[in-house]
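Before any comments, here is the structure.
Just so we're clear, the structure is a prediction, and the values are computed from it rather than from any experiment. Just so you know, these numbers use all the heavy atoms, side chains as well, and skip hydrogens, waters and symmetry mates. In what follows, chains carry the letters A, B, and so on, assigned in the order in which the sequence lines appear, proteins first and then strands, with residues in each chain numbered from 1.
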There are 6 protein chains.
Amino acid sequence: MKLLVILPVLKDEANEERNRRELSHLKGPNLSFELRSLLNGPASIESEFDDRMASPWVLNEVMKARTGDFDAIFVSCMGDVATNAARELTNIPVIAPLQTCLAVASTLGDRFGVVTVLKNLVPVLHRKAREYGYDQNLSGIRSIEIPVLEIENKRRQVVEALVSESKKLVEADRADSVILGCTGLLGVAKEVQDHVDVPVLDPVPISVRFAEMLVATGLSRSGKAFPPPPKKLRNLPGIEGLVRKN
Amino acid sequence: MKLLVILPVLKDEANEERNRRELSHLKGPNLSFELRSLLNGPASIESEFDDRMASPWVLNEVMKARTGDFDAIFVSCMGDVATNAARELTNIPVIAPLQTCLAVASTLGDRFGVVTVLKNLVPVLHRKAREYGYDQNLSGIRSIEIPVLEIENKRRQVVEALVSESKKLVEADRADSVILGCTGLLGVAKEVQDHVDVPVLDPVPISVRFAEMLVATGLSRSGKAFPPPPKKLRNLPGIEGLVRKN
Amino acid sequence: MKLLVILPVLKDEANEERNRRELSHLKGPNLSFELRSLLNGPASIESEFDDRMASPWVLNEVMKARTGDFDAIFVSCMGDVATNAARELTNIPVIAPLQTCLAVASTLGDRFGVVTVLKNLVPVLHRKAREYGYDQNLSGIRSIEIPVLEIENKRRQVVEALVSESKKLVEADRADSVILGCTGLLGVAKEVQDHVDVPVLDPVPISVRFAEMLVATGLSRSGKAFPPPPKKLRNLPGIEGLVRKN
Amino acid sequence: MKLLVILPVLKDEANEERNRRELSHLKGPNLSFELRSLLNGPASIESEFDDRMASPWVLNEVMKARTGDFDAIFVSCMGDVATNAARELTNIPVIAPLQTCLAVASTLGDRFGVVTVLKNLVPVLHRKAREYGYDQNLSGIRSIEIPVLEIENKRRQVVEALVSESKKLVEADRADSVILGCTGLLGVAKEVQDHVDVPVLDPVPISVRFAEMLVATGLSRSGKAFPPPPKKLRNLPGIEGLVRKN
Amino acid sequence: MKLLVILPVLKDEANEERNRRELSHLKGPNLSFELRSLLNGPASIESEFDDRMASPWVLNEVMKARTGDFDAIFVSCMGDVATNAARELTNIPVIAPLQTCLAVASTLGDRFGVVTVLKNLVPVLHRKAREYGYDQNLSGIRSIEIPVLEIENKRRQVVEALVSESKKLVEADRADSVILGCTGLLGVAKEVQDHVDVPVLDPVPISVRFAEMLVATGLSRSGKAFPPPPKKLRNLPGIEGLVRKN
Amino acid sequence: MKLLVILPVLKDEANEERNRRELSHLKGPNLSFELRSLLNGPASIESEFDDRMASPWVLNEVMKARTGDFDAIFVSCMGDVATNAARELTNIPVIAPLQTCLAVASTLGDRFGVVTVLKNLVPVLHRKAREYGYDQNLSGIRSIEIPVLEIENKRRQVVEALVSESKKLVEADRADSVILGCTGLLGVAKEVQDHVDVPVLDPVPISVRFAEMLVATGLSRSGKAFPPPPKKLRNLPGIEGLVRKN
């Protein structure tokens, strides 16, 4: 499987390198990645504003990719940035990591919790979960109050806070699994899981392996749920790959 | 009330004129409008792709407006384009017409239906209704299969199709009210209602009057549900009003 | 708009005067009120028993009003006393303030709480919210344990208790807005809102402005949800306006 | 068990006699009935208006009965007239037949339907089912369009219509049991069941036997869900048994 | 009514005797019991593993009973062991005590809690409640951490723990009634109820009286929800009563 | 990954061979299967009775496998036979194909349907979907009325019926994907999908690839949702692998 990984944030060499390193642990004989960040957009996704501002450039990458070069696309952000729209543009699988983790967690237990970076994201993720139909089994969403861009430099503090909030999800909110609510939290799930008594889901490897599963079984989004956009005039400056302009 | 009406589509004189005409019927002693279309974006909103592509320019208008010039903002499209994000940027009311109509319909009866323009929009509106928590009482969503840009020229055909689909919503799906699922359908609700036995909701006047109600009672969005985006680097070319760039 | 305001409690000059005073703040060029209390019934509504006992006299007022004298009717009690039945009797809008506040709150955030006067009302309001289809997003209902008839004399204590319970709704129950769960709590919402970080909804002005919105858009209840009662023998002594007796 | 059966309609000898005859089939060694109709109120319950107008006199009977003379009270109407309020007044079981049938049907299968007399009652029963939390498993509500007062004289037509509508509930709406949605339909369930392939629930015997079950197990309503009304001034002319006036 | 009571656990004289004693309190002129334990299976049901391992022998008893000797069957365990399958085999009522208590509690208030023996059973009962469609109104499930086989010897400790957990259900989880979540807890409900302010449901007498109610009204499971298993080869050693082997 | 595939039906050489053939298409460099049928139990699973009768022998295979020989277990039947109980016995992933397909389908669209073999299975699968929390998005379940054991000999008829019922799910029930509701329907999904406009999910390859995804990411069931059964006396004749007998 050749996977296009879109980091829906401003290009940053350190961030790309960190993601490449983590993804390299996942490589297999038939698995290769291509990683792309945005030339425009926000430095991180911590609001619906960020989500909306990143979307055209994410979709630009999706449109440029519609040439058979990839088997699946993974937009690496728990805001599932523009993934529904992306599915209207391509018939290869587009992996939305929040949705994927909610689906996977629902097979591991009955009630899952999410721990994310900032409390700003709590209502955002809650609304997405509701949109996906997973509201009923979502025990709660908690946050560690560390911004995305500080995760890398505060790794010990991040892990401690994740453990602390995960325990609240399990004990107070009765979650039986915990989803890490930011793809920037990659590489710490095992460490967190050692301290709580339930599965801890790391969205990055889960999304990659879920993509493999879909590709291996020949599945992709329903064209009835995500029909191709009608052709018409669209004036989209800077969106280079735009093949549907008219 | 001074209301900023954003048409989240490419500027088109005829469309603006038509909207101005309809809005003028709503004017009152203390009600004035300012109408703005987009210089970039799609000509109409008929997919999540269109929604995402229009969003930055809609938000650009919202950001430019945050100077006390307006009492409320109405994004005139049933896709509720970027309205959640807009609420993160301003503390004046931002009217999302689909959400508004779902709320109003829920006070008129028990089960409402929606009739929109194209079947492409059916899953889009369904997911929004689910996000808003109105899935339970939504009887069904049907479409007339006439694109937004042809509504003006096919008015008779539009009305006939709306009547026909509304009747199906009432009789087969057991709806007790019908929401017109596109703000481009403005000005025909009364005519449709004459032929079906239930209230027919025209989103444009309802949104304007709902905005008046919020302004008059001093209400606006919850800052807990729509917290201001954290400050950080955002590279957003062409977004002229961007005050939160860094 | 000429609005009939029914206070569904025993006539009490002080109470009527207090309501007139508050309503006078809402007056506009085209807005006038007529206020009516009951000659029979309970002194306040704090149970389903009170609700049922007040209902015939509320409906009597509704029936007397069905002569074109009014544009809308507002039954000023969060128990929504007899409002469904009233909608069967008239085709002008009948405003049920609990239902109205639930609908309005659902456009301001994702999860709302209610703070009412006595714990007796908690299950009553909970069942109404469930009937209206708003159970899913209702974070919780709390009470200040001050009876309706003591609100006027304990204003400081009332405000303090409302602030205290509202904070619990926001912090423990994760509400993002708070509805004042008794129309007798009128005139204190702003003061409460100054102390909590979310919108606080005062049902009286919201109901009046919601009525204006419905009247301005020509909307009223669905005749499919609230069909007129079949004609037949009804023996209703003391119900003076009864035009449907046979 | 001594059961007070309240027919929440105007006293009518023929109707009382018919009910006595049906109830007599249910008598057992320890089972006795006392039947009471109303001196005021509507001749039948076919709307929320009827429900509200009958309520004070139903509650009057409940209040008069609070002397230990009865073990349980059954308000014989599928509108569950004033049963919640009655539970606030007494701590013996008050049987609400719609609620009871929904609970019993939920133990016989997964999805139940209701067939009632007039389409006016469809939204009324639907809202009650939603209030009770049974909305999810309610397949549908249909009507035979024969008024309550004509049931007795059109027995053959009633049975045929019940069979026809029940079949629609089973085949089109996927119900696996059918509830007769009017206590006036008593005595025909077996005949209907012979023609459809699912259990048909007759609310009268089910309510009586459910009352026996509660009495035998010492159960009654939760005082937390139905707290006694606070004492205060209530002016209720003609409500003779009123012990809570002040 | 002749009731077959199946204790879905290994035969144990003391346990049978204890159940016979409790059931004898319920006897009436037309009520008789036959009590059967299993010759194979687990000593108690405290997991889905136990449930599955007991099931064939429970169903064996059901099959042996299908000769008109009984009017109803009660499988006395809150895991509702094999009750759905049993309903496929017989058309007399099969009482599932958890389902029965959920249905009965739903008529006593709005939100019920369950207190069971071990925390192992919490997710098991939660999943059953969800299967039955009662998830929405289930406030919570708590446990006393005393195994089934120690209940008899720790009666005082059991009652104290039930009181303590019931209070948490009422106060923290807002339950308005409490269901004892193990049929081994029989005979203590009244004592627990004396200490909490809500109805406490003892599943054994409730199940027996519910069976009487169904038998008296001629009701049993829907054949549409529980169709008879198709005939075919089944190799079931030790299942003596197997009449459907081929 | 070494996968234990349990066919929860009586050993049948032809059936095993057919499954081996289909599974062989899925093999990869690191993927191997071991296939086991039951020496006792039903020849196919078409009822809850079959499910319960097969369960002990399925669990016997699970217990025998708890020695590190396998990475995951797949119980190949859409009844998800004893999978919850199996998860209590082992901490390697146990794949329940119905649950897995519901989770996967929820990432492909908004509303999924199921087409199974016999109408007997419709309520069974419906209850499982409800237990898993997927009731809300399940459009409908339909059946082709061909028994499991006749699928192999009626392949053309099977495909035609699957296409026909799938079209009803899509058009009448508004499903946007279709799940084949019997693992015996393996190998025909692509052919069905050619005739309907939505993804058709074949549970066998999806379950195998889902197992790979879980194994690759180190995930398994939550011990909080599926705690190990307490040790105690269990008399389970013929259950050879029973290590938890006392």
Considering only heavy atoms and a distance below 4.5 Å, find which of [options] pairs most often with chain C.
| options | result |
| --- | --- |
| B:L26, B:I206, B:V94 | B:I206 |
| B:G223, B:A175, B:S220 | B:S220 |
| B:F226, B:F112, B:F210 | B:F210 |

Please tell me if the side chains of [X] and [Y] come closer than 4.5 Å, counting only heavy atoms from C-beta onward.
| X | Y | answer |
| --- | --- | --- |
| B:T107 | C:L102 | no |
| C:R209 | B:V215 | no |
| B:K224 | C:V170 | yes |
| B:D202 | C:T217 | no |

- Item | When C:T100, C:D110, C:V208, C:V104 are compared by non-hydrogen pairs under 4.5 Å with chain B, the top option | C:V104
- Greatest number of non-hydrogen atom pairs under 4.5 angstrom with chain B, of C:G133, C:A189, C:A96, C:G218, falls to C:G133
So which part of [X] gets closer than 4.5 Å to some heavy atom of chain C, the side chain, the backbone, both or neither?
| X | value |
| --- | --- |
| B:E212 | neither |
| B:A105 | neither |
| B:R111 | neither |
| B:L214 | side chain |

- Engaged part of C:T83 at the chain B interface, taking heavy atoms whose separation is under 4.5 Å: neither
- Task: Please confirm whether the backbone N or O of B:S177 pairs with a side-chain atom of C:S222, one donor and one acceptor, at under 3.5 Å?
- Result: no
- Side-chain donor/acceptor of C:Q99 to backbone N/O of B:S106, under 3.5 Å: yes
- Note on the structure: Nearest heavy-atom approach of B:A225 to C:G109 is CB-CA, 3.7 Å
- Note on the structure: Heavy atoms of C:L219 and B:P199 approach each other most closely as CD2-CB, 4.3 Å
